[in-house]
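These notes are about the structure you will find just below.
FYI, side chains are in, hydrogens and waters are out, and symmetry mates aren't considered; it's all heavy atoms of this structure. As the structure is a computational prediction, the values presented were derived from the model and not from experiment.
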Number of protein chains: 2
Amino acid sequence: MSRETTSPALQAAEKLCDERGERLTPIRRRVLELVHEADGPVKAYDLLETLKPGPGSAKPPTVYRALEFLLGLGLVHKVEALNAYVGCSHSHSCGGAELFICSDCGSVQECHGAPVSTQTPDGFIIERSVVEHFGHCGNCRT
Amino acid sequence: MSRETTSPALQAAEKLCDERGERLTPIRRRVLELVHEADGPVKAYDLLETLKPGPGSAKPPTVYRALEFLLGLGLVHKVEALNAYVGCSHSHSCGGAELFICSDCGSVQECHGAPVSTQTPDGFIIERSVVEHFGHCGNCRT
DNA sequence: TTCTCGGGTGTAATATTATAACGTCGCAGT
DNA sequence: ACTGCGACGTTATAATATTACACCCGAGAA
Ligand SMILES: [Zn+2]
Ligand SMILES: [Zn+2]
Ligand SMILES: [Zn+2]
Ligand SMILES: [Zn+2]
């Protein structure tokens, strides 16, 4: 029984889908696994490659649809500045994360509940924030 | 003499290039103008369309090179989440802006000197931050 | 049972965004 | 004149993402 256990991320996803009446189909589950297994932000077309050792299936819409679903549930975040995707590192559904991406090792750390903006323009109502910090993580200091 | 004057943005660009020993060539100037004239974030390929009423010139690298130059000088910002570009609304070179983009009217407001992150992970050194807020501006409130 | 309806998926095509590679031109310094 | 370099022109292609339409299957209604 070397790899029988489901990862915490998968378990959380199951639970969340249950609560919301959504279906964590095999494709969606597989994409979620792949995103979490990656050691950094992962590109849609890399997922696609990994996903298709069967000749018939896995065209772009397949993976984009799965990603869209997972993004909607907050199980995955998109790194806008990289056109890449990371698994949410929180066990619960997380709305809008602040990401710290190491340019050296590619690791991503995630915070939330971030009090991001001090000087919101007068009358502006924020609906969604993209906050991505690029730099060097603690491990990659020279 | 209806439109003889150079815009403040252009004047600032001239000055900045002077200081840095860079050349604000006609193409670069034109792209900067177009980005500033637009009433919101503008796409590279829209610039390209606007730029080529002459049959020969204006291929993608032309506009991307100009944008890269202008981004480097801080005269233009990229809206990562839209793959689009906005003119910097500050007269000086501005390193890293916080953008507020109205989803209704497309207007962009810019702040900087932003004390963005409260909970930087231990040891993480931030080099560049992307901060983009989407929502509804004061004018677009119902 | 049979029908129908909707969500999820398969598939082909295409749209959009961005870069690589290489050649040319003109100018500054020698 | 020769050289080097930065900006640009040109072609091609890579990388990212969406549209459109057909199919299947399972839940519930008839
Ligand atoms: Zn998260
Ligand atoms: Zn690192
Ligand atoms: Zn600015
Ligand atoms: Zn507005």
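Across the interface with DNA chain C, nearest-nucleotide mapping of B:Ala84 and A:Arg23 shows A:Arg23 to be the residue nearer the 5′ end. Projected onto DNA chain D by closest heavy-atom contact, B:Thr25 and B:Pro61 fall at different nucleotides, the more 5' of which corresponds to B:Thr25.
Distance B:Lys59 NZ to D:dA14 C1': 19 Å, rounded to the nearest Å. Computed from coordinates, the A:Leu48 CG to D:dA14 P distance equals 16 Å when rounded to whole Å. Following rounding to the nearest Å, A:Phe69 (CZ) and D:dT18 (C1') show an atom-to-atom distance of 20 Å. Rounded to whole Å, the distance from CG on A:Asp46 to P on D:dT16 is 7 Å. One atom, OH of B:Tyr64, and another, P of D:dT10, lie 19 Å apart when rounded to the nearest Å. Atom-to-atom, CG of B:Leu82 to C1' of D:dT16 comes out at 15 Å; the value is rounded to the nearest Å. Atom NZ of B:Lys43 and atom P of D:dT18 are 10 Å apart (whole Å). We find that CG of B:Leu70 is positioned 12 Å from P of D:dA7, with the value rounded to whole Å.
Contact annotation: side chain of B:Arg65 to base of D:dG6, donor-acceptor pair absent below 3.5 Å. On a pure distance criterion of 3.5 Å, a polar donor-acceptor pair joins the side chain of A:Tyr45 and the base of D:dA17.
Counting all heavy atoms, side chain and backbone alike, B:Ala81 lies closest to A:Glu80 at CA-OE1, 3.5 Å.
Using a cut-off of 4.0 Å between Lys/Arg side-chain N and Asp/Glu carboxylate O, B:Glu68 and B:Arg65 are scored as not salt-bridged. Taking the charged nitrogens against the carboxylate oxygens, A:Glu19 and A:Lys15 do have a contact shorter than 4.0 Å, which makes a salt bridge.
Considering only side-chain N and O atoms, A:Asn83 lies nowhere under 4.0 angstrom from the phosphate OP1 or OP2 of C:dT17.
Comparing C:dT19, D:dC8, D:dA17 against the side chain of B:Arg28 picks out D:dC8 as the nearest. For B:Glu22, counting side-chain heavy atoms from C-beta on, the closest listed nucleotide (D:dA7, C:dG8, D:dT16) is D:dA7. Across C:dG8, C:dT19, C:dT11, the shortest atom-to-atom separation from the side chain of A:Thr62 is found for C:dT11.
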Trace of the side-chain contact (heavy atoms from CB on, under 4.5 Å) decision for B:Phe134 with B:Leu82: CA-CA 11 Å; B:Phe134 295 86; B:Leu82 298 179; 4.0 Å; yes
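An end-to-end axis angle of 20° holds for the helix from C:dT1-D:dA30 to C:dT30-D:dA1, taken from five base pairs per end and rounded to 10°.
Note on B:Tyr85: only backbone sugar-phosphate atoms sit closer than 4.0 angstrom, heavy atoms only; bases stay farther off.
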